[in-house]
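A quick write-up on the structure given underneath.
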Amino acid sequence: MKASAFSYARATSVGNAIELLVAHGERAKVLSGGQSLMPAMNLRLVAPELIVDIGDVAELRGIAVSGDILTIGALTRHADLLKSSKIAAHAPLLIDAVAHVAHPAIRNRGTIGGNLAHADPASELPACMVALDATIVACGPAGERRIPAGDFFTGIYETALSAQELLVAVELPVARKDSAHFFCEFARRHGDYAIVGLAAQAVVENDMLTDLRPVFFAIGDRPVLAKASAKLLKTAVTPALLAEASHDLSKELDPPEDQQANASMRRHLAKVLLARCVSTLLGRPDLCAGESL
Ligand SMILES: Cc1cc2nc3c(=O)[nH]c(=O)nc-3n(C[C@H](O)[C@H](O)[C@H](O)COP(=O)(O)OP(=O)(O)OC[C@H]3O[C@@H](n4cnc5c(N)ncnc54)[C@H](O)[C@@H]3O)c2cc1C
């Protein structure tokens, strides 16, 4: 199938892109890497009258560190994240996560801004943004606004962005020296969307977790920051305590059923991921010794 007929405009600046979005409202769609938008158009899941191509807007590119903030421009491609020494030094969770996003051909075109604006609940980067406590920077006719990642994802393919706003950048606190991270996902094949995944950022001090942000994906309509892990903080984690946290996690989650997995399988996989995460972060293989898939 081919996309319905549409008009095309190549934005020359952020301001110009916003003018076009204001003039056309819901009838316009922003084009970044096109790796999600073009398939959706070809399947006629969406039929915008105007495509606003932001690919030439240089101010949306680049990765910079200023003080303790790492800023990633919206047009930064997945492949650029993988190659960046700044990302490796200050947000290494993203390196592990992006390696699981699709395949090289898609990573060469897909962008972080497009990925986050698309808000697929099975996508890796939205979960990482919540785990890293990122701020999403949006620009619209009223100027710039900053949205905590935890408030940005509002449902399946839904975000806090209005039709007249452009996602221009994300800001991440640079990783503390004593921080640690964990990323793992279960998928049928490497590069497929996850059946269930977990991205976590943590601080480990004296063999204890003093901070932990475990964010599950493909298990709800948006990334899920698990509250159940709070009881694992600032204490010596025992297998019994981990089992309690796992039990609480299971109650907290409300996983979807689809052709990949039913809800109980997703709950089980989430518990396995939590055990692997805590065991890896603390360097305690005993904590997931009894675990089985
Ligand atoms: C076969 C295949 C496998 C894939 N596997 C995965 C996977 O495992 N994990 C994963 O996370 N992704 C996967 N993807 C999607 C891929 O990561 C996309 O690149 C990404 O989701 C969208 O980025 P994009 O730059 O291509 O955005 P586009 O396709 O250009 O846009 C996506 C949506 O976001 C909007 N948009 C784009 N940029 C902006 C902006 N700056 N401001 C506001 N709105 C904007 C568009 O209007 C559109 O609605 C896969 C894609 C394919 C084709």
Side-chain angles (χ1 to χ4, degrees), residues 3 6 8-9 11 13-14 16-18 20-22 24-43 45-57 59-61 72-82 94 96-129 136-140 144-145 147 152-153 156-170 183 185-197 199 217-218 222-223 260:
F6 59 90
Y8 173 89
S13 64
V14 169
N16 178 229
I18 291 165
L20 289 162
L21 294 178
V22 169
H24 297 271
E26 300 278 353
R27 289 170 287 123
K29 277 273 180 201
V30 175
L31 174 69
S32 286
Q35 298 304 297
S36 295
L37 181 59
M38 298 320 292
M41 286 174 65
N42 287 340
L43 291 167
L45 298 172
V46 290
E49 289 174 16
L50 175 73
I51 291 294
V52 179
D53 184 350
I54 58 172
D56 277 354
V57 181
E59 61 199 286
L60 294 174
R61 293 192 190 282
I72 307 173
L75 277 182
T76 306
R77 297 188 194 284
H78 304 319
D80 299 328
L81 294 172
L82 274 178
L94 294 184
D96 287 1
V98 175
H100 292 267
V101 174
H103 310 285
I106 291 152
R107 297 201 289 262
N108 284 337
R109 300 294 310 166
T111 66
I112 188 167
N115 189 288
L116 300 178
H118 188 55
D120 189 320
S123 193
E124 291 82 0
L125 293 179
C128 292
M129 293 302 126
I136 312 294
V137 187
C139 207
E144 208 167 79
R145 67 184 179 117
I147 309 160
F152 182 76
F153 304 100
I156 302 174
Y157 305 127
E158 282 177 13
T159 70
L161 286 177
S162 78
Q164 304 179 334
E165 282 180 311
L166 202 61
L167 191 164
V168 293
V170 297
F183 183 91
E185 70 178 37
F186 294 116
R188 298 254 170 231
R189 294 169 307 185
H190 185 87
D192 281 4
Y193 278 104
I195 301 171
V196 179
F217 53 99
R222 66 196 82 178
Q260 294 223 75

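Atoms within each ligand, like the ligands themselves, are counted from 1 in listed order. Worth saying up front: this structure is predicted, and the values here are computed from it rather than measured.
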- prompt: Would the Tyr193 and Phe217 ring centres measure less than 6.0 Å apart?
  reply: no
field: Proximity to ligand 1 by part of Arg107, non-hydrogen separation under 4.0 Å
entry: neither
- line: When distances are taken from atom 24 (P) of ligand 1, the protein heavy atom at minimum range is Gly33 N, 3.5 Å
Distance from atom 26 (O) of ligand 1 to nearest protein heavy atom, with residue and atom: Gln35 N, 2.8 Å
message: Judged on heavy-atom distance to atom 29 (O) of ligand 1, which of Leu116, Ile106, Leu161, Leu37 sits nearest?
response: Leu37
statement: for atom 47 (O) of ligand 1, nearest protein heavy atom and its distance come out as Val30 O, 2.6 Å
- request: Please indicate whether any nitrogen or oxygen in Asn115 is less than 3.5 Å from any nitrogen or oxygen in ligand 1.
  value: yes
- prompt: If you measure every N/O of Ser123 against every N/O of ligand 1, is any gap under 3.5 Å?
  reply: yes
field: Minimum non-hydrogen distance to atom 12 (N) of ligand 1, winning option of Tyr193, Tyr157, Phe217
entry: Tyr193
- line: So for Ile54 against ligand 1, with non-hydrogen atoms under 4.0 Å, the contacting part is side chain
message: Judged on heavy-atom distance to atom 3 (C) of ligand 1, which of Ala97, Ala102, Ala28 sits nearest?
response: Ala102
message: For atom 25 (O) of ligand 1, what is the closest protein heavy atom, and at what distance to 0.1 Å?
response: Thr111 OG1, 2.6 Å
